[in-house]
Amino acid sequence: MLFNSLLFLTFFVIVTITYYLLPHKFRWFWLLAASSYFYMYFKPAYILIILFTIIVDYFAGILIQGSKGKMRKLYLVLSILTNVGVLAFYKYFNFLAINLNFALGSFHGQQLPLLQFILPIGLSFHTFQAMSYTIEVYRGNQPAERHLGLYALYVMFYPQMVAGPIERPQHILPQLHRARNFSGRALLNGLFFIAIGMVKKVVIADRLGLFVDPVFNDPHAHTWLELLIATYFFAFQIYCDFSGYSDIAVGAALVLGVELMQNFNLPYLATNVSEFWKRWHISLSTWFRDYIYIPLGGNRKSFMITCVNLMIVFTLSGLWHGANWKYIFWGAIHGLLLVAYQLLNKFNIRIKGFTFIKWFVTFNLVCLAWVFFRANTTGDAIYILNKIFRGRHLSHLPIQTLPVNEFGYCVLIILALLLGERYLRQVKDGSAAQKLVIISVLTITCYFLGIFNDAQFIYFQF
């Protein structure tokens, strides 16, 4: 079910009203049933995959807490292997088979078969959230959840099960246990975030997609300037699309009295790549930090080990995003940029006082890396970057896929985003009257300027 649909609006209203009409002891069941329906709307059979991992991790948590020594680690390893195994099978089997078949093709041996199925939506997100639970139980930061229904709701809570934020059990499970009364303030705050997220998605992201998608889908038919503009537009498209989803998720959860973590913090204002990753997809970057980077040694060992750890983490982050070499290259590029940043710090090479230059360099490096993320293939990404840097021939008008007035509109909405988002952050704790006015303005903006074509959120594919 898409957030940017009339069906979701109906679902949201019914779920919220019924939730507060029910006694507290029945609310978990209602939310779990609603979350199941929300997920099954995409493809009903895939809920069986989630239920399988939920049962495995539920009992694993109890066994981990009740065991000592090597048995605790064994149960944790079995839980992680189960989750990673399910993720690997559905997301990476064909990728591995294609590459092995290519590598072994010269031997004319038996080819691995390719499986015909659609990747379950949000599999990477709820798998990582489930893994957080058993790891935190193992570390002693979270007691094992004895209520199977509430643990299932922790994994399947509908606002964030498909595209995050990826939460930690110690943050969400206590909130799911707590009895909550209806709050007008929570409703207003939730609608405030939902309105912001909807504007980002249907007014900005989907509008930019009208230019970005045709250009990236046929890069050979466009000039270097069109490719460059599409690259910049995509940077804002993916930001508004993904942060818009996160805002709607935060808002929908707030209405139900549940606070989700902040997933974005004005990432394009970062003045170095390290700061960018502290602001972008925060729930994923902190997941990799806490569960992979730090266990590998983080930056506590030698400088070389630190650099290797960064490359491992960001290459894995790229692979997490998709079973395709282009995502691996995208992650590795960010790893290399962070290694370069570490080198600058190690040798105390700093650009003092030129904040604008540092921001400009960071933003452009991030945008150029996005080419690998958005291009249909790695070959297309290389072609696009090569044409941007070497094919600067203005043989015809640069804007062919979008009318000039529409192009100007895209530029205006990006400027409005840059100016408006900081203001909205400042007033999120403002008065009720102020928020009502903003919600009304944003709703009217969506109605008149939004594109309601049921476009999926970009991160649904991950």
How are the rings of F242 and Y459 set relative to one another: parallel (under 30°), tilted (30 to 60°) or perpendicular (over 60°)? parallel
Could you pull out all donor-acceptor pairs under 3.5 Å where a side-chain atom in residues 41-48 meets a protein atom, sequence neighbours excluded?
| from | atom 1 | to | atom 2 | distance (Å) |
| --- | --- | --- | --- | --- |
| Y46 | OH | I118 | N | 3.3 |
| Y46 | OH | I118 | O | 2.4 |

CA sep, side-chain torsions, deciding dist, call: I384, R374, side chain to side chain contact (heavy atoms under 4.5 Å, CB included): CA-CA 11 Å; I384 291 168; R374 175 58 185 85; over 6 Å; no
Looking only at non-hydrogen atoms, find the nearest pair between S283 and I166 and report the distance. OG-N, 3.1 Å
Salt bridge or not between K200 and D241? Use side-chain N to carboxylate O under 4.0 Å. no
Is it the case that W277 and H334 place a side-chain donor and acceptor less than 3.5 Å from each other? yes
Does a side chain donor of either E136 or Q170 reach within less than 3.5 Å of an acceptor in the other side chain? yes
Checking V155 against Y58 for the side chain to side chain contact (heavy atoms under 4.5 Å, CB included) test, could you report, in this order, the C-alpha distance in whole Å, the side-chain angles of both residues, the deciding distance, and whether it holds? CA-CA 11 Å; V155 176; Y58 170 75; over 6 Å; no
Checking side-chain polar atoms at under 3.5 Å, does Y19 have a donor or acceptor matched by the opposite partner on R180? yes
Roughly how far, to the nearest 0.5 Å, is CD of E167 from CG of N263? 8.5 Å
Distance in Å, R27 CZ paired with L32 CG, rounded so as to fall on 0.5 Å steps: 16.0 Å
What is the minimum heavy-atom distance between P214 and G209, and which atoms define it? CD-O, 3.8 Å
Going by atom types alone, do Y239 and E421 pair a side-chain donor with an acceptor below 3.5 Å? yes
In terms of relative ring orientation, are F329 and W325 parallel, tilted or perpendicular, with 30° and 60° separating the classes? tilted
Correct closest heavy-atom pair for Q237 and D213 would be NE2-OD1, 4.1 Å
Over 12 non-hydrogen atoms of neighbours within 6.0 angstrom of CZ in R422: no
Could you label the plane-to-plane angle of the W330 and F373 rings as parallel, tilted or perpendicular, counting under 30° as parallel and over 60° as perpendicular? perpendicular
Quick one about S79 and D57 (side-chain donor to acceptor, distance below 3.5 Å, no hydrogens or angles considered), yes or no? yes
First locate atom CD1 of I50, then atom CE of M161, and finally report the distance between them rounded to the nearest 0.5 Å. 3.5 Å
Write out all pairs satisfying ring pair (Phe, Tyr, Trp, His ring centres under 6.0 Å) with one or both partners inside residues 155-185, taking only residues at least two apart or from two chains. F11-Y158, Y20-F182, F38-Y158
Nearest atoms (heavy-atom pairs only) where Y151 meets L173: CA-CD2, 4.4 Å
How are the rings of W320 and F125 set to each other: parallel, tilted or perpendicular (split at 30° and 60°)? perpendicular
Where do F234 and V215 land on the side chain to side chain contact (heavy atoms under 4.5 Å, CB included) test, with the steps shown first? CA-CA 10 Å; F234 177 70; V215 173; over 6 Å; no
